4 protein chains.
Amino acid sequence: MGETGHTAGLIGSVLTRHWLDPRAVAIWQDRATMQTWLDVEAALAKAQGELGLIPKSSAAIIAAKADVGFVDFDRFLAETAHTLHPFVPLLRQFEEACGEPHAGFIHWGATTQNIFDTASALQMKRTHALVRESLDLALASLADLARRHRATPQAGRTHGQHALPITFGFKVAGWVEELLRHRERLLDVERRAFAVSMGGAVGAFNAMEGKGRRLQKRLADMLGLVDPGIPSRASADRTAEYVSLLALLAATIGRIAQDIVFLQRTEIGEVFESFHHGKVGSSTMAQKRNPSATLNLIGLATLIRSRVNPMLETMQRLDEGDAGLSNVGDAVLPEAAILGASIVKGLAHVAIGLGVDEAAMSRNLGATRGLIVTEAVMMHLGRELGRHRAHEVLYEAAMQAFETGRPLGEVLADLPEVNAVGGRIDLAGLLDPASYLGEAPQAADQAVADAGAALGAIRKAAE
Amino acid sequence: MGETGHTAGLIGSVLTRHWLDPRAVAIWQDRATMQTWLDVEAALAKAQGELGLIPKSSAAIIAAKADVGFVDFDRFLAETAHTLHPFVPLLRQFEEACGEPHAGFIHWGATTQNIFDTASALQMKRTHALVRESLDLALASLADLARRHRATPQAGRTHGQHALPITFGFKVAGWVEELLRHRERLLDVERRAFAVSMGGAVGAFNAMEGKGRRLQKRLADMLGLVDPGIPSRASADRTAEYVSLLALLAATIGRIAQDIVFLQRTEIGEVFESFHHGKVGSSTMAQKRNPSATLNLIGLATLIRSRVNPMLETMQRLDEGDAGLSNVGDAVLPEAAILGASIVKGLAHVAIGLGVDEAAMSRNLGATRGLIVTEAVMMHLGRELGRHRAHEVLYEAAMQAFETGRPLGEVLADLPEVNAVGGRIDLAGLLDPASYLGEAPQAADQAVADAGAALGAIRKAAE
Amino acid sequence: MGETGHTAGLIGSVLTRHWLDPRAVAIWQDRATMQTWLDVEAALAKAQGELGLIPKSSAAIIAAKADVGFVDFDRFLAETAHTLHPFVPLLRQFEEACGEPHAGFIHWGATTQNIFDTASALQMKRTHALVRESLDLALASLADLARRHRATPQAGRTHGQHALPITFGFKVAGWVEELLRHRERLLDVERRAFAVSMGGAVGAFNAMEGKGRRLQKRLADMLGLVDPGIPSRASADRTAEYVSLLALLAATIGRIAQDIVFLQRTEIGEVFESFHHGKVGSSTMAQKRNPSATLNLIGLATLIRSRVNPMLETMQRLDEGDAGLSNVGDAVLPEAAILGASIVKGLAHVAIGLGVDEAAMSRNLGATRGLIVTEAVMMHLGRELGRHRAHEVLYEAAMQAFETGRPLGEVLADLPEVNAVGGRIDLAGLLDPASYLGEAPQAADQAVADAGAALGAIRKAAE
Amino acid sequence: MGETGHTAGLIGSVLTRHWLDPRAVAIWQDRATMQTWLDVEAALAKAQGELGLIPKSSAAIIAAKADVGFVDFDRFLAETAHTLHPFVPLLRQFEEACGEPHAGFIHWGATTQNIFDTASALQMKRTHALVRESLDLALASLADLARRHRATPQAGRTHGQHALPITFGFKVAGWVEELLRHRERLLDVERRAFAVSMGGAVGAFNAMEGKGRRLQKRLADMLGLVDPGIPSRASADRTAEYVSLLALLAATIGRIAQDIVFLQRTEIGEVFESFHHGKVGSSTMAQKRNPSATLNLIGLATLIRSRVNPMLETMQRLDEGDAGLSNVGDAVLPEAAILGASIVKGLAHVAIGLGVDEAAMSRNLGATRGLIVTEAVMMHLGRELGRHRAHEVLYEAAMQAFETGRPLGEVLADLPEVNAVGGRIDLAGLLDPASYLGEAPQAADQAVADAGAALGAIRKAAE
């Protein structure tokens, strides 16, 4: 990714590049991008040869020579500086590689952005495959975690305070279900997202002698892309939608990461990011075991989110084409794709290595000495006293328990209202968090089943 | 929408409320919102009565009394200020309306956010129906416009400069196809977006005696909502996705509006927003006919776009529930929905009234005296000279025509390269923009057909 | 704020209006806005009378009649619907109130947006005073908290893990210093932010008979606003800057709120949002004491942040004026101002009521049994072994302590490297967190002094 | 910037790197970044030597060896992958370069983020100098343009329609004044933006033996940075403010660029981006002269704007430090700085080369055959008929002129109301746009004077 030391910026710098999935970066490196442009030119020439738009012999030569090996990058850079055009300099070298008369039939009737957009669709599709692969890997791990901890009691928290008991498997099930919905979205969008675009300068196939739509359909088949029908260069909804979905997925991953970071807090200690001997948390505080990889997911989610607005803005292009805003798309899309693949890969990594401390979960669940199951008592007392009165009684009891530090059970045992209902409620039983888990284990089972259905054989192998 | 003069803010103020679809605002007014909460409580009671969680007689009373008519709003406001809770004060009044022992079974095992989220899903679904209705109306008008102008020649422009000829129908077809893709997205998302949520305080159905999932399924059926399976209160991907789609749709509408504003520019004058006698453009410049409604669509698109980021941020909720961020969703969602319905209604309005000046299109198409069809000449000269050399010849000729103001045809006629190929190319024919429209009319036909297929009978009626 | 039950949206709805500072809302209600428009018209007439642009007698009548009392709001709404103009209908009623010939001199040479922008600058300036007042109140409380806890030891945490000891006063000092920088920014921006604008339709004073710049200067003096020189209607940098500053300030408040929410976590319990008997945390979980007001600050920070992008976008207006984007500013600015005043008021409220549990701070500080002062040992061991070797020794010891749960002191005492340096280091002393507070108390002192200097007498009164 | 072909992403790729100011990129390349880290370590050692925290002899060695030349980048990358720490691997090589016992005193009491943040402040300050230099260059050119065209009449446009006459100098003056306000903001922020930060792991100078604040003050002096007082690692308001200002500045540049793109529209043709022979607008449309550099400024403004939200989010860091969000700052800041320097340089380039076609301005000004000065007539008719009645008369006349295409003067001459006032108004004079320029030329003069005052000698040289 560039001679070490001479790069800058999110994708290239040594400071940030280890955040990224190198497979995704490789798809979008200049060399790979140019090869993809040439692949599109080759396919275009072949299809035009078939349709009689250019000589078949020239098509064959063009296709054969479409290899990035011929590119003199220094010359390319120099000519770009003179022409201020990002593609014509490459075209000139490609023409020389093919020789006349074939050179004259390269890029026939196409415009630069046609090549850029079609190539970028191919690169998006390749990156999308990485996203899907990592997502399934993460799902398999998390589903397994949900299965193993379907009945491991844990404090459920809302608004930063203990609320009601759950199981750790239930928590993970919530993550799994949200990720499964993203998986569904990523499948839905394949119908639209990765489209060829070969309508020429204004999208009307002006130079295609009436064969433009057939040509475009043929190209879509050859390249495995969607045929867009009307290839308007001013339409950028496909890529904007895709980046929006990546941001939605990233927000879920950010949420999962935030949950993990909290659960690993020094005072909580319920889960742990994997740690290996030699991993350094700090140059001075030798004791530090930071959830670094997990924290980084939160950072990546923020970075991906920041790519949505420019993608929405790039949709408001002028007329039939608008370099000002298509430039934005050209700059944002590769980074959004790389970031998207990287955050999902990071999630899979964190999920696979996640450690769980059931003892800590149990200890924390008992921290409020019964307050966490106030609702359980209220639901039973409510049948006796009415829900409203029961809430008042429990509210007073809970406030007293909170302020004095006495266990809720003790406070309740002193209350006349509670004594009145006497043997009709099993106070000790109600105050056991493990007996008030609701359908948490069943929810975990459902997420495991849903993930299994989506992933097919993967769950089987994990058991 | 509030006693006149005493409102403020986007939805209520007289400065902005005429931008909005009043039907959408009506869905989200406090009175309607509270009625929807009560509708959810009623359905919850009925379903719990069926499942034996509460007495059937109480369920019947609760359902019967669930009418916003009983609410004393002033008391509600005063108690909210004391309890600092947005729902408990309403609950108290509802309890009084039902009387004991029934009152005790209202809201059984539910938490406030369950009611809020389920009610809000119902309101979203109702607003969604308005979005779809207006979108179909806009599509029908635009498809008709594409049909009528399938072959009306117009200058195609890229980067702010004349590029190649198109037809106006082709331009509109680009709008139609982009809108049809949004229509598809809006249909896709119905599978996920509007979900019941009835899992209690942490989503684990703790208080539902093991019948929570069945209850939730029953509620989904009764209310016409999606059953979410695991009703995690910390999951906000459904609403965030929906707002993302509205923003994508709005960006397309912003693009269309920008196209129209440009085409109505004083110097261009190719299209016109509808105008009626009495519409005032300016308090001082009496001549002004501003495309006000169209410009406002650009403003609305910007406002909707600004709702995406908070919706993405609201997804990163803590633990099992997080008022800090669910508050954000509660505040943003109604406004995003109202803005979404309003921008699509505004588009339909603009589309229906849009005037077209074919003479101006024709006049502008000729403004460059032939330069707009430079490519047509190049494609033919390219077969004679090679594409590269042809580009060079045309580049020089075009620069000369541009600088001297001479018609391109005259400049070309003087060139030896052009004379050399002599009669083999029909220069005059090539320089007629109307003969270089590519497949613009066919693209318009395709958009008309696609819209027709999507809208079914609507197109028929319009013809 | 509107007849109860019939409002919707962030500012008006009963669901959200209790988040807001009612004084800020009052400034921006329609009635107040219209009165401010009339105030601007009155000042304009008076200044034009002085400069001889309109008859002095008419100026006097116009100024005398400029009272919102004459407005028939229903008629205003009906005429707005017909003219589609937000100001001309008010002008007509104002003209009737003044009668001819005076009516003819209202709004002389001005354009609607001149009145809107100048009035909005006045409203911004009034809201700004609330922001500054609440900010000083918050600063005074927080400075007092820093003073009282200058030496209260607490665990310092980085990356979610205990890092080194601090004092609670040091933590608060960090908040105070960040807020003081915002205070400085809010003072700086007063030179630019609130400007009159009276250049007519395109900002060139076309109708002002050469007296436009003098008139504008006079108006600025009369209204207490900045004279902008060239009153370009297309320039929106002043308001965009102001909203950016509010978002920066809000982000700091969001950070403080997040710190408090964490420190109030059930397992941490170091600080507490104020609580009063009767405050309800949950309709079912009677025990809940949620940091609701603090969490809401996080939500408000997110909402304010979402206003920055539309304000930046509204700066890119077309030509000499652009309703599409100035509409955005008109809609966003009141809400941003109200949200800004409200979040700072909310911070002051939270700061004033914040409770501190020193015992919990002490207990948590000891939770790692010495690991939190690993660096202290390393700094001394480093002088003996070199920093690199010392890091290695401590890393191994810390990992062992972490995995076995043994106190770090015990682990270290067994190590030959530590024994070798023997009496030269005071291990027990180094392992006492209270002896490794660095300059935390002095930093607290500095923040107290800085706040005192900024606030002047306020600190004195608080002591 | 990396071996050609092997880079990806906004900063490194050949597709986008020509958008950027290479001087700004050079400041942020990895090699330069590491050298800046070493510069900070050197200054730290020297200051600690002076204060007796480390031996003076070691300080001297450390300072002498602090040259990036010793870095083995491949080894650095490999060790980063193992330690997962972005700085410790460099530290190890630096230690080897210094040798014991000196090595042990490198980085004494500092934490990695101290070095990163201080170095980054130095890099920001260097980039800031480029921003200021380019801004002054742009201002000098634009002020000269305003001076030359102070009285060149042009159509003023609002809402996309001709409104009133201005001069081109007046339009440019609006740009200049907005840029001058940004210049003021950039000066204001220097008091705060570029700060040293040397408080150790939690900002409390724990390891500095009570000399931390003196040390930090000394470092600030040595490095030319601001002394922050309390060096909280959780405070990120300084950098967020700076990026916000860049985005405000960029929005203004985006607006100017949009104005130019419109004025260069084929049908308008009033201004032209510089063009040189050899610049290619299109690979197929040889005639294209696109305002490419100007359009790119719009794209850059969008990209910069997208950096504001992550910077605001990065302010909400947890506790005393939070890698998740400080990572975001580390990734965004270099790109925002490079983009900021680049867009201002781009503006200077466009401003210097901008061509003006006065004849086109004049032609367009006459396009409405008098409608553009309707207000001039109304102001005079208003004195006769009252403003309200005059508006009605002119409204009808203008609508008629618009619909029939007759000159406004002709339509007016037929009206009884106009004839009635007869010789008291000079209709022909009023209908000459050049006589209704208001104070446009004087406004241009003021901007020239303001720019001159700000730039000092620069204006002189330009004349």
Side-chain angles (χ1 to χ4, degrees), chain C residues 95 100-101 103-104 156-160 163-164 166 170 173-174 177-178 181 188 192 201-202 204-207 212-213 229-230 232 234-235 237 240-241 244 247-248 251-252 254-255 258 305 308 312 315-323 375 379 382 386-388 436 438-440 443 446-447, chain D residues 95 100-101 103-104 156-160 163-164 166 170 173-174 177-178 181 188 192 201-202 204-207 212-213 229-230 232 234-235 237 240-241 244 247-248 251-252 254-255 258 305 308 312 315-323 375 379 382 386-388 436 438-440 443 446-447:
Chain C
E95 286 166 352
E100 293 298 346
R157 295 147 171 123
T158 59
H159 320 317
L164 287 173
I166 56 172
F170 171 80
E177 291 286 327
E178 208 168 308
R181 286 193 293 277
D188 276 6
R192 283 184 298 266
V202 296
F205 305 105
N206 301 63
R213 285 166 302 152
I230 299 171
S232 173
S235 282
D237 58 300
E241 179 187 17
S244 294
L248 286 163
T252 294
R255 174 171 95 84
Q258 185 177 260
R305 181 161 52 244
V308 174
L312 288 167
M315 286 178 64
Q316 295 198 188
R317 297 178 183 186
L318 302 173
D319 315 313
E320 279 61 63
D322 171 359
E375 185 191 90
M379 293 309 289
R387 207 185 49 82
H388 188 163
Y436 199 62
E439 301 168 43
Q446 181 183 331
Chain D
E95 287 166 350
E100 294 296 348
R157 293 143 173 128
T158 59
H159 320 318
L164 287 173
I166 56 172
F170 171 79
E177 291 286 326
E178 208 168 307
R181 286 193 292 277
D188 276 6
R192 285 184 298 267
V202 296
F205 305 106
N206 301 64
R213 285 166 303 151
I230 300 172
S232 173
S235 282
D237 58 300
E241 180 187 16
S244 294
L248 286 164
T252 294
R255 174 170 94 85
Q258 185 177 258
R305 181 162 51 245
V308 174
L312 288 169
M315 285 179 65
Q316 295 198 188
R317 298 178 184 186
L318 301 174
D319 315 313
E320 280 62 62
D322 172 358
E375 185 191 89
M379 294 308 289
R387 205 185 52 81
H388 188 162
Y436 199 63
E439 300 168 42
Q446 181 183 332

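In the text below, chain A, chain B and the rest are named by the order of the sequence lines, each starting its count at 1. Here the structure is a predicted model, which means the values were calculated and not measured.
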Can you tell me which portion of [X] sits under 4.5 Å from chain D's heavy atoms? Options are side chain, backbone, both or neither.
X      : value
C:Q258 : side chain
C:T252 : both
C:D237 : both
C:I166 : side chain
C:Y436 : both
C:V202 : both

Output the option from [options] having the highest count of non-hydrogen pairs under 4.5 Å with chain D.
options                        : value
C:L164, C:V308, C:D322         : C:L164
C:A251, C:S232, C:A163         : C:A251
C:A207, C:A240, C:G174, C:A447 : C:A207
C:G321, C:G438, C:G104         : C:G321
C:E439, C:E178, C:M315         : C:E439

Partner chain C: residue of [options] with the largest heavy-atom pair count (under 4.5 Å):
options                        : answer
D:E100, D:R317, D:R213         : D:R213
D:A103, D:G160, D:G254         : D:G254
D:A234, D:A173, D:S244, D:P101 : D:A234

Using 0.5 Å steps for rounding, measure from the [atom1] atom of [X] to the [atom2] atom of [Y].
X      : Y      : atom1 : atom2 : value
C:D319 : D:T158 : CG    : OG1   : 8.5 Å
D:E375 : C:N206 : CD    : CG    : 6.0 Å
D:Q316 : C:R255 : CD    : CZ    : 9.5 Å
D:E177 : C:S235 : CD    : OG    : 9.0 Å

| Quick one: does D:E241's side chain get under 4.5 Å of C:R181's, heavy atoms only? |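 No; the side chains remain at least 4.5 Å from each other.
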
| said: Is any side-chain heavy atom of C:L318 closer than 4.5 Å to one of D:R157? | reply: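 No. Closest side-chain heavy atoms not under 4.5 Å.
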
| task | Indicate yes or no for a side-chain donor-acceptor contact from C:Q446 to the backbone of D:G229 under 3.5 Å, with no hydrogens or angles considered. | result |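 Pair absent, no side-chain N/O of C:Q446 close to backbone of D:G229.
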
| said: Assess whether a salt bridge exists between C:R192 and D:D188, defined as any Lys/Arg side-chain N lying under 4.0 Å from an Asp/Glu carboxylate O. | reply: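 Result for this pair is yes, salt bridge flagged.
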
| field | Minimum-distance pair of heavy atoms, taken over all atoms of D:E320 and C:G156 | value |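 Heavy atoms of D:E320 and C:G156 come nearest at OE1-CA, 3.4 Å.
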
| query | Where do C:A443 and D:I230 come nearest, in terms of heavy atoms and distance? | reply |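 Taking every non-hydrogen atom into account, O-CD1, 3.3 Å.
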
